[in-house]
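All remarks here apply to the structure that follows.
In each ligand, atom 1 is the first atom listed, and ligand 1 is the first ligand listed.
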Amino acid sequence: MTQAFCYWFTGLSGAGKSTIAGELVPLLRERGENPFILDGDVLRQGLCRDLGFSEADRTENQRRVAEVAAILLQAGVSPIVAFISPLANAREEARRIVGTERFFEIYINTPLDVAEARDPKGLYKKVRAGLISEFTGISSPFEAPERADCVVPTVDRTPYECARQIVDELGGGKKERN
Ligand code: ADP
């Protein structure tokens with residue numbers, strides 16, 4: 001049976017997490033995996049709708065998502081977690097909950113000025129207008145991973161190229177992490 005893995009993305013808003021997650025799905029299917037995208041916005045509307053954006057709430061948000069990811073893995077599904085996931089400690093807790101041998105931390109590495117120029121949801125504009133507080137990268141910290149399993153630069157690359165890199169480096173679970 002093909003194994004399942006957790007593809008845990010981290011990166012700024014507008015970095016490209018959702019877009020690359022969408023490109024990754026068919027590539028994982030080609031490898032025989034059964035991927036499913038856990039989208040931050042969707043979970044915040046339901047399972048996590050009682051949570052805000054304070055550090056404590058962001059940590060709890062990630063803990064719940066990690067528990068959902070662990071359940072999906074038990075069902076043979078590969079969760080692709082497309083959340084900002086800004087806090088290193090919370091990502092480490094997610095790794096513990098999911099199980100380190102099946103957890104891939106993937107850094108969608110887009111500089112803030114590029115993410116802000118893309119502004120796919122118009123959020124940066126609202127932040128600059130003072131309409132949103134505690135926004136990651138501007139008024140709330142983003143702790144970039146120091147030892148991600150895969151670092152994916154997005155500038156001058158297509159989303160497909162980024163997804164291809166992830167599968168080439170991690171697909172099949174051939175981890176070379178020490
Ligand atoms: P996030 O989920 O990280 O908030 P989105 O995927 O919603 O980000 O938005 C990223 C935006 O950047 C999209 O408009 C996408 O078309 C654009 N983009 C440009 N180059 C890339 C790339 N190499 N990978 C992903 N997205 C890219």
Heavy atom of Glu23, distance to ligand 1 below 4.0 Å:
no
Taking atom types as modelled, find out whether Thr154 and Arg118 have a side-chain donor-acceptor pair closer than 3.5 angstrom.
yes
Regarding Arg64 and Glu67, does a basic nitrogen lie under 4.0 Å from an acidic carboxylate oxygen?
no
Sole residue of Arg91, Glu105, Gln62, Glu143 in side chain to side chain donor-acceptor pair (under 3.5 Å) with Ser85:
Gln62
Have a look at ligand 1 and work out which part of Arg118, if any, has a heavy atom under 4.0 Å from it: side chain, backbone, both or neither.
side chain
Starting from atom 26 (N) of ligand 1, find the nearest protein heavy-atom neighbour and note its residue, name and distance.
Gly16 CA, 3.7 Å
Going by an N to O cut-off under 4.0 Å, is there a salt bridge joining Asp149 and Arg95?
yes
Ligand 1 versus Cys162: contacting region, heavy-atom distance under 4.0 Å:
side chain
Heavy-atom contacts under 4.0 Å between Ile20 and ligand 1: side chain, backbone, both, or neither?
side chain
Between Leu43 and Phe83, does the side chain to side chain contact (heavy atoms under 4.5 Å, CB included) criterion hold? Intermediate values first, please.
CA-CA 10 Å; Leu43 285 180; Phe83 285 52; 3.5 Å; yes
Is there a heavy atom in Gly11 that sits closer than 4.0 Å to ligand 1?
no
Note: heavy atom closest to atom 13 (C) of ligand 1, options Leu123, Thr19, Asp39, Thr158, belongs to Thr19
Determine whether the side chain, the backbone, both or neither of Glu161 has a heavy atom under 4.0 Å from any heavy atom of ligand 1.
neither
Using side chain to side chain contact (heavy atoms under 4.5 Å, CB included), reason through Lys17 and Ile84 one step at a time and then give a plain yes or no.
CA-CA 8 Å; Lys17 301 179 296 299; Ile84 296 175; 4.0 Å; yes
Closer than 4.0 angstrom, basic N to acidic O: yes or no for Arg128 and Glu116?
yes
For atom 4 (O) of ligand 1, find the nearest protein heavy atom and state the residue, atom name and distance (0.1 Å precision).
Gly14 N, 2.8 Å
Subset of ligand 1 atoms that lie under 4.0 Å from at least one heavy atom of Lys121:
4 (O), 7 (O)
Atom 23 (N) of ligand 1 - nearest protein heavy atom and its distance
Arg157 O, 2.7 Å
Would you kindly specify which portion of Pro120 sits under 4.0 Å from ligand 1, judged on non-hydrogen atoms: side chain, backbone, both or neither?
side chain
Rounded at 0.5 Å granularity, tell me how far CG in Asp39 sits from OG in Ser18.
5.0 Å
Quick one: look at Val155 and ligand 1, take heavy-atom pairs under 4.0 Å, and tell me if it's side chain, backbone, both or neither.
neither
Kindly assign one of parallel, tilted or perpendicular to the pair Tyr124 and Phe135, based on the angle between their ring planes and the thresholds 30° and 60°.
perpendicular
Output for pair (Ile132 CD1, Lys125 NZ), nearest 0.5 Å, gives 12.0 Å
Per-atom contacts of ligand 1 with Ser13, taking only distances under 4.0 Å to non-hydrogen atoms:
4 (O)
Going by the order shown, which atoms of ligand 1 are within less than 4.0 Å of some heavy atom of Leu12?
3 (O)
